[in-house]
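Below is one structure, written out as C-alpha cells, with a few remarks after it.
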Amino acid sequence: MSKHGTSDRTGSAQSPEDPRAMPPAYDAQATEAKWYTEWMRRGYFVAHADSGKDPFCIVLPPPNITGRLHVGHALNTTLPDIVVRRRRMQGYETLFLPGTDHAGIATQVVVQRELAQQRIDPKDLGREAFVRRVWQWKEQFGGEIVEQIKKMGQSLDWSRLRFTMDEGLARAVRVAFVRMYEDGLIYRGERIINWCPRDTTALSDSEIEHEEVEGELVTFRYDLSDGSGHVDVATTRIETMLGDTGVAVHPDDDRYRALVGKTVRHPLTGKDLPILADEAVDPSFGTGAIKVTPAHDPTDFEIGQRHGLPALNILTPDAHISDAAPEEFRGLDRYEARTRVLERLRELGKIVKIERPYVHSVGHCYRCHTEIEPWLSGEQWFVAVDRLKGPAKQAALDGRIKFFPERWLHPYVQWMDGLRDWNISRQLWWGHRIPVWYCANGHQFAALEDPDACMECGSTDFEQDPDVLDTWFSSQLWPFSTLGWPERTEDLEFFYPTSVLITGYEILYLWVARMIMSGLYLMGDVPFRHVVIHGLVRDPQGRKMSKSLGNVIDPLDVIKTHGADALRFALARQAGGAQDIPLSQEYIEAARRFANKIWNASRLVLSSWGGSGFPELPREERWTLPDRWLLSRHQACLEEADASLEEYRFSEAAQTLYRFFWSELCDWGLEAAKPRLYDGTPEEREAAASVLAWVLERSLRMLHPFMPFVTEETWQRFGAGESVMIAPWPEAHAEHRDGDAEKRFGFTEDVVSEIRRFRKAHGLKDSMALEVRMFPTEEQRGIINAAKQEIERLANLSTLDLLQAPGDPAGCARLVADGAQLLVPLAGVLDPDVERARLSKRISAIEADAARIEAKLANDAFIRRAPIDIVEKERGRLASLKDETAGLSAQLDELG
RNA sequence: GGGCGCGUAGCUCAGUGGGAGAGCGCUUGCUUCACACGCAAGAGGUCGGAGGUUCAAAACCUCCCGCGCCCACCA
C-alpha cells in the first residue's frame with residue numbers, strides 16, 4: 001500500500017493513480033473483503049498477555065453449532081465488538097475470545113432429524129458412531145459459523161478459538177465436576193425431574209418453558225375403604241391417578257380432621273390409599289384435599305417422602321402407560337390414557353365435576369416444545385446450589401458485578417433466591433460424559449482420567465455412567481475454561497476476571513447466573529464485572545425469528561446486499577435498554593446510506609486537504625465562526641458518545657454519531673466551509689480544510705467501532721497510521737466547547753433557513769440568486785460579518801447588504817429570522833396572495849408561541865418560583881417574537 | 001400469584017421536569033463543482049385515558065385501559 005501526502009492534491013484533478021481517488025459511491029463488498037483479511041494478516045485481533053497494557057476481555061457467548069447463524073447472532077457479536085474495538089483504541093490489551101457451544105440436546109436433535117431423513121435410527125448406529133456423526137456435523141457448521149462471524153467484521157482473536165468439547169474444555173469440565181463432587185456439591189439422587197418424553201431426557205428447571213394451556217380440571221371421588229364416606233380430589237392430569245398412593249389434606253383443616261389416618265379405596269386398582277395430613281396442601285384450593293402421586297408430581301413426591309408413601313411410576317420414558325398400571329391402560333400414550341381413565345371413572349360414577357376449559361400453565365421442552373412430564377426417572381445427578389447461590393447473589397448486590405440496564409439485577413436476585421438444585425444429567429449421547437464410574441462391587445467414584453480399575457477396590461469390572469452433562473455445565477465455565485483453566489495460564493492470570501459479558505436476556509438464568517456461581521466457586525472471583533443485557537432481534541412485525549415462521553434472516557444475505565457496516569450500524573442504532581429489536585429493511589438501508597455519506601464526506605474533505613498524517617488544527621486565531629461551531633459540536637458529540645458507550649447505551653451513541661455526522665458536519669459544516677474551500681485565499685483554503693480534516697478524521701475514529709470497514713477504508717487516506725483499528729480513541733478537547741459560537745452560528749442557520757423558506761414559498765428557482773438587505777443590531781452585525789460569505793452561499797444570495805440605517809421597506813418583501821429583519825427587494829414581482837399567505841402563516845405561528853409565553857409570564861407564581869434564568873429566557877423569547885410580528889404585520893398591512 | 005417492559009407523526013422508534021424529535025413513507029422543488037445511497041422546503045402528533053405533585057409534566061406519583069415478556073411445586 002502506497003503512502004500518501006507526497007504531493008499537493010489541493011485543487012488538483014483526481015487521477016486513477018491518485019491513491020486518494022475515490023469513486024462517488026462506496027463499495028462495501030470490495031472494502032470488506034479486503035480489510036478483514038488484512039487485519040487478520042497483521043495480527044490486530046491477537047491479544048498478548050505480556051504487553052504491559054491494562055487488560056480488557058470479552059468472551060463471546062458461544063453460538064450453538066446447531067446450524068447457521070441468524071441476525072440475532074449478528075447483534076450478539078456486534079455489540080461486544082463495538083465495546084472491544086473502542087477499548088482497543090483506548091489502549092487496552094483487548095482479548096475478544098471466540099468459540100462455539102456443542103449444545104448437547106439441541107445438536108443431538110438436529111443430527112437425529114438429519115439421520116431420520118436418511119432413514120437411519122441412531123440406535124442402529126450405536127453410541128460411538130452417532131457421536132462421530134455429530135462431530136462431522138460440528139466440523140461443518142462450526143466452520144460456517146466462524147465464516148459468518150468474520151463477515152460481520154468482529155475483531156475476535158481466532159488464534160484462541162475454543163469449542164465447549166475441545167480437549168482443554170473437556171479437561172475443565174472434568175476438573176470442575178470432580179472438585180464439586182468431592183466437595184459434596186454434586187450428588188446423585190432420585191427425585192422428580194422434568195422429563196421430555198420426546199427427547200427422552202431429563203431437563204433442568206431453566207430448560208422448561210411454561211405456557212398457558214387450555215385443559216380441564218377434573219374433580220373425582222375416592223370412597224373411604226370402610227364405606228363411611230368419601231374424599232373428592234381434583235387434577236388436570238387424571239391419568240396420573242393410576243399412580244396415586246395416597247390422599248392428603250392440610251393438618252388444620254377441620255373438614256377432614258376426622259379422616260386423617262383412614263384409607264380410601266382406589267376405584268381402578270382396588271388398593272387402599274392412606275389419608276394423611278401435610279402442610280403442603282392448600283386448604284383453600286379446590287376441595288382442600290389432594291391426590292398424592294409421588295412418581296409424577298414434585299410436591300406429591302415430597303409429601304410421599306415425608307410420609308413414607310411408595311412411588312408408583314405409571315409412565316414409560318416415552319410417556320406411555322407402564323406395566324405398573326392396571327392392564328386395560330397399559331401401552332396407551334398419556335393423552336389417550338387421560339381420556340380412557342376419565343371414561344372409566346365416569347362409568348364408575350366417580351366424576352364429581354369437570355371444569356372446562358381450565359387454563360393452567362404447563363411446562364414444555366425448550367428444544368422440541370413437547371409437554372414436559374414431571375417424572376421419577378431414576379437416579380439423576382444434581383448440583384447442590386445452597387452454597388453457591390449466596391455468594392452469587394451477594395456479588396451482584398454489592399456491585400462487584402453490575403448489570404446494564406440495572407433493572408435486570410432484581411430478576412437475577414429473585415431467581416437466585418428461588419433457585420433449587422440443578423439437575424445436570426442428560427440421557428443423551430452428545431455431550432460431556434459424566435466422569436463417574438460404578439464397579440461391580442458397588443463402588444462409585446469420580447475421576448479426572450478414565451480409570452483402569454475401580455479406585456476403591458481395584459476391580460476391573462466397572463462402567464462409566466452413561467449420561468452426559470447438561471450443556472450449560474460446560475458453558476458455565478466459559479469465562480475461565482477458555483482462558484486455560486484449570487491450568488494457571490498467562491491468559492487466565494491476565495484476563496480473568498473478564499471485563500464485560502454481553503448477551504441476550506433469554507439466557508440470563510441458563511448461562512449468566514451459572515457462570516457467576518461457578519466463577520465464584522472455582523475461581524474465587526466474579527467471571528466478569530459488567531453484564532450487559534440486550535434484547536432479541538425480531539422480524540419487522542415484532543415476531544421472534546424462527547425456522548417454522550420462515551422469517552429467519554441470514555446475516556450474510558444482508559451483508560451481501562447492504563454491507564456489514566450497514567447491518568452493524570442498523571443493529572446498534574436500535575439496541576437500547578434491552579428492548580427487543582424489530583429489524584426492518586428500512587433501518588438497514590438507512591445505515592447503508594450512512595456509510596455512503598461517510599464515504600462522500602471523506603471524498604470532499606480529502607480532495608481539499610493536502611496534508612498527510614493526523615490533521616492538525618490551524619492556530620486558534622484563524623478559526624472562523626463556522627469552525628468554532630463545528631469544533632464545539634464535535635466535542636459535544638464525543639462527550640455524548642463517550643458517556644453513552646460507558647453505559648453500553650449503543651443506540652444512543654449510534655444516534656449521536658449519526659446526527660452529528662450527517663446533520664451537523666455534512667449539512668452545515670461542510671457546506672459552510674465551501675466558500676473558503678473554493679473561493680478563499682490559499683491560507684483560507686488550508687485553514688478550512690484542516691479544520692474539516694481534523695473533525696472528520698476524529699469522527700471516523702469514533703465511528704470505527706460501529707462501522708469498521710468504511711471507516712478503515714476512508715481513514716487510510718489520511719495516511720495517519722497503519723490502521724484506524726489501532727489508532728487512539730479521540731482525546732477530549734473540552735476547551736472546544738463554545739456556547740457562544742453555537743448560539744451565533746444558530747443565528748446564521750436561522751437566517752439561511754428563513755431565506756430558503758421564503759424562496760420556496762414563492763417558487764423562486766434555486767438557481768436564482770437573491771439580494772438581501774438587513775439592518776442588524778450590533779450583535780447581529782458581528783455575527784453576520786463573521787459568516788457573511790457562508791450565509792450567501794448557503795442561502796444562495798448574490799449579496800447580503802448590511803445597512804447602516806434602517807432601509808426603506810417599500811418594494812421589499814420582509815423576512816424575520818430570530819428577531820432579525822431581512823429585506824428582499826422583490827415585492828413587485830411576487831404574487832401578493834402568496835406573500836400574504838406566507839406572512840399570515842408566519843404571524844399566526846409566532847403569535848401562538850407568543851401567547852403561550854405571555855400567559856406564562858402573566859402567571860405570578862411562575863415569576864416568583866421559577867429559576868431566574870428560565871424567566872429571563874422566556875422574556876427574551878417573547879421580546880424577539882414581538883419584534884418579528886411587528887415587521888411582518890406591517891408588511892401584511894401594506895399588501896392590503 | 002409475583003415481577004418487568006411497552007403505549008409519542010401513516011410505520012418503526014428516540015426523547016425522564018422548562019420552546020414535541022429521528023429514520024422510513026408522503027407532498028413540492030432541485031442533476032449546484034462530496035454524495036440523487038443526495039440537497040432544500042413542507043404536510044402530519046389532544047405524547048393510551050383519568051386524577052395528582054409542581055410556577056411548569058410526554059417525562060414524576062396513583063389508578064385505569066391495551067399490548068408483550070419473565071418468574072411461580074394454582075393440585
Side-chain angles (χ1 to χ4, degrees), chain A residues 22 24-26 192 205 209-210 217 219 233-237 240 248 280-282 284-287 289-293 297-302 358-361 374 407-408 410-411 414-415 418 420 505-506 508-509 535-536 540 542 562 566 570 573-574 576-587 589-608 651-652 655 658-659 663 666-667 670-671 674 677-678 753 756-761 763-767 793-794 796 849 852-853 856 859-867 869-871 873-874 877:
Chain A
M22 299 170 73
Y26 171 61
I192 297 279
D205 296 342
E209 290 174 354
H210 287 94
L217 182 65
T219 305
V233 296
T235 179
T236 53
R237 293 188 294 151
T240 64
V281 181
D282 175 4
S284 67
F285 186 90
T287 63
I290 64 165
K291 60 195 271 303
V292 182
T293 323
D297 183 276
T299 309
D300 293 9
F301 179 79
E302 285 166 21
Y358 183 79
V359 178
H360 61 126
S361 152
R407 69 183 149 83
W408 285 98
H410 301 277
Q414 281 183 352
W415 184 83
R420 293 180 299 165
Y505 57 73
E506 78 277 10
L508 177 59
Y509 308 130
L536 258 46
H562 296 85
R573 203 166 165 206
Q574 289 205 269
Q579 293 310 34
D580 285 348
I581 298 172
L583 186 65
S584 61
Q585 204 64 18
E586 286 73 31
Y587 266 87
E589 279 167 13
R592 185 196 59 203
R593 284 195 286 273
F594 186 43
N596 194 58
K597 191 72 176 175
I598 292 169
W599 176 259
N600 272 290
S602 305
R603 237 181 124 209
L604 169 64
V605 173
L606 287 162
S607 70
S608 307
S651 59
E652 212 175 86
Q655 187 66 12
Y658 181 91
R659 219 183 271 211
S663 306
C666 290
D667 288 351
L670 299 186
E671 295 304 323
K674 282 180 180 175
L677 290 182
Y678 295 144
S753 296
R756 284 170 174 171
R757 258 196 295 276
F758 171 80
R759 184 194 301 276
K760 185 79 177 175
L764 302 176
K765 280 204 162 41
D766 289 354
S767 55
R793 181 175 179 109
L794 289 165
N796 191 23
D849 238 14
R852 214 188 44 249
I853 297 171
K856 218 175 198 179
N859 183 350
D860 199 40
F862 174 70
I863 306 294
R864 276 186 291 116
R865 305 246 183 131
D869 55 312
I870 296 291
V871 176
K873 197 170 137 201
E874 297 292 345
R877 277 177 57 207

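Reminder, nothing fancy here: chain letters follow the sequence lines and each chain counts from 1. What you see is a predicted model, and the numbers here were worked out from it, not measured in a lab.
Aromatic ring orientation, A:F594 versus A:Y658: tilted (interplanar angle from 30° to 60°). Below 30°, between 30° and 60°, or above 60°: for A:Y509 and A:W415 the angle between ring planes is below 30°, a parallel geometry.
As judged by a 4.0 angstrom heavy-atom cut-off over every strand, A:P582 is placed among residues touching the sugar-phosphate backbone only. Across all strands, A:T236 comes closer than 4.0 Å only to sugar-phosphate atoms, never to a base (heavy-atom distances). At a threshold of 4.0 angstrom between heavy atoms, the contacts of A:F594 with the nucleic acid are absent. At a threshold of 4.0 angstrom between heavy atoms, the contacts of A:L670 include nucleobase atoms, whether or not backbone atoms are also involved. Within 4.0 Å (heavy atoms only), A:A590 reaches sugar-phosphate atoms of the nucleic acid but no base atom. Nucleic acid contact for A:R759: none, since no nucleic acid atom lies under 4.0 Å from a heavy atom of the residue. When heavy atoms are screened at a 4.0 angstrom cut-off, A:R852 is found touching the sugar-phosphate backbone but no base atom. Across all strands shown, A:D667 has heavy atoms under 4.0 Å from sugar-phosphate atoms exclusively, and none from any base. If you check every strand for non-hydrogen atoms under 4.0 Å, A:Q585 touches nothing. A:K674 comes within 4.0 angstrom of a nucleotide base, judged by non-hydrogen atoms across all strands. Contacts of A:V281 with the nucleic acid, taken as non-hydrogen atoms under 4.0 Å apart, include base atoms. The residue A:F301 sits apart from the nucleic acid: no heavy atom pair falls under 4.0 Å. A:T293 comes within 4.0 angstrom of no nucleic acid atom, judged by non-hydrogen atoms across all strands. Counting non-hydrogen atoms under 4.0 angstrom, A:P374 reaches nothing in the nucleic acid.
A straight line from CZ of A:R420 to C1' of B:C71 spans 12 Å, rounded to a whole angstrom. Straight-line distance from the CZ atom of A:R659 to the P atom of B:C13: 17 Å, rounded to whole Å. The CZ-C1' distance, from A:R757 to B:A43, rounds to 14 Å in whole Å. For the pair A:Y658 OH and B:C13 C1', the computed distance is 14 Å after rounding to whole Å. Regarding A:L536, its CG atom lies at a distance of 10 Å from the P atom of B:C70, rounded to whole Å. Residue A:E671 contributes atom CD, which lies 11 Å from atom C1' of B:A40 at whole-angstrom precision. When rounded to the nearest whole Å, the span between CD of A:Q574 and P of B:C11 equals 16 Å. Computed from coordinates, the A:N600 CG to B:C35 C1' distance equals 3 Å when rounded to whole Å.
When each of B:C73, B:A22, B:C74 is scored by its nearest atom to the side-chain atoms of A:R573, the top-ranked nucleotide is B:A22. Of all nucleotides listed (B:C13, B:G15, B:C33), B:C13 comes nearest to the side chain of A:Y587. Checking B:C35, B:A72, B:C13 against the side-chain heavy atoms of A:R603 singles out B:C35 as nearest. When the nucleotides B:U28, B:G19, B:C73 are ranked by their closest atom to the side chain of A:K760, B:U28 comes out on top. Checking B:A75, B:A72, B:A22 against every side-chain atom of A:Q655, the shortest atom distance belongs to B:A22. Nearest to the side chain of A:E586, among B:C24, B:C35, B:A41, sits B:C24.
Between A:E302 and A:A25, it is A:A25 whose nearest contact on RNA chain B lies nearer the 5' terminus. Between A:L217 and A:I853, the residue whose closest nucleotide on RNA chain B is further toward the 5' end is A:I853.
Contact between the side-chain N/O atoms of A:K765 and the OP1/OP2 oxygens of B:A41 is not found at any separation under 4.0 Å. The phosphate of B:C37 (OP1 or OP2) has no side-chain N or O of A:R592 nearer than 4.0 angstrom. A close approach under 4.0 Å does not occur between any side-chain nitrogen or oxygen of A:S663 and OP1 or OP2 of B:A22.
Residues A:N859 and A:K856 fail the side-chain proximity criterion, which asks for heavy atoms closer than 4.5 Å.
Within the shown strands, nothing qualifies as a pairing partner of B:G17 under the Watson-Crick or G-U definition with both distances less than 3.5 Å. When both distances must be under 3.5 Å, the Watson-Crick or G-U wobble mate of B:C35 does not exist. Under the Watson-Crick and G-U wobble criteria, each requiring two contacts below 3.5 Å, nucleotide B:C4 is paired to B:G68. Base-pair partner of B:C63: B:G49 (Watson-Crick or G-U wobble, both distances under 3.5 Å). In this structure, B:A43 forms no base pair with any nucleotide, since neither Watson-Crick nor G-U wobble geometry is met with both distances under 3.5 Å. When Watson-Crick and G-U wobble pairs are counted only if both distances are under 3.5 Å, B:G10 pairs with B:C24.
Comparing the same atom, P, in B:C47 and in B:C35 gives a spacing of 43 Å after rounding to whole Å. Taking atom P in both B:A56 and B:G1, one finds a spacing of 39 Å when rounded to whole Å. For the P atoms, the distance from B:A22 to B:G42 is 11 Å, rounded to whole Å. Nucleotides B:G2 and B:G45 are separated by 37 Å at their C1' atoms, to the nearest Å. Between B:U62 and B:U54, the two C1' atoms lie 16 Å apart (nearest whole Å). For the C1' atom pair drawn from B:C30 and B:G44, the interatomic distance equals 23 Å after rounding to whole Å. With P as the reference atom, B:G29 and B:G10 are 24 Å apart, rounded to whole Å. The C1' atoms of B:G25 and B:U12 are separated by 11 Å, rounded to the nearest whole Å.
A donor-acceptor contact shorter than 3.5 Å links the side chain of A:N600 to the backbone of A:N596.
Here the closest non-hydrogen pair linking A:C666 and A:A601 is SG-CB, 3.8 Å. Looking at every heavy atom in both residues, A:L536 comes nearest to A:E506 through CD1-OE1, 3.0 Å. Scanning both residues, A:M22 and A:S602, for their nearest heavy atoms gives CE-CB, 4.0 Å.
Taking the charged nitrogens against the carboxylate oxygens, A:E589 and A:R592 have no contact shorter than 4.0 Å, which rules out a salt bridge. Note on A:R864 versus A:D860: salt bridge recorded, some NZ/NE/NH1/NH2 to OD/OE distance being below 4.0 Å.
Note that OG1 of A:T235 is 10.0 Å distant from CD1 of A:I290, once rounded to the nearest 0.5 Å.
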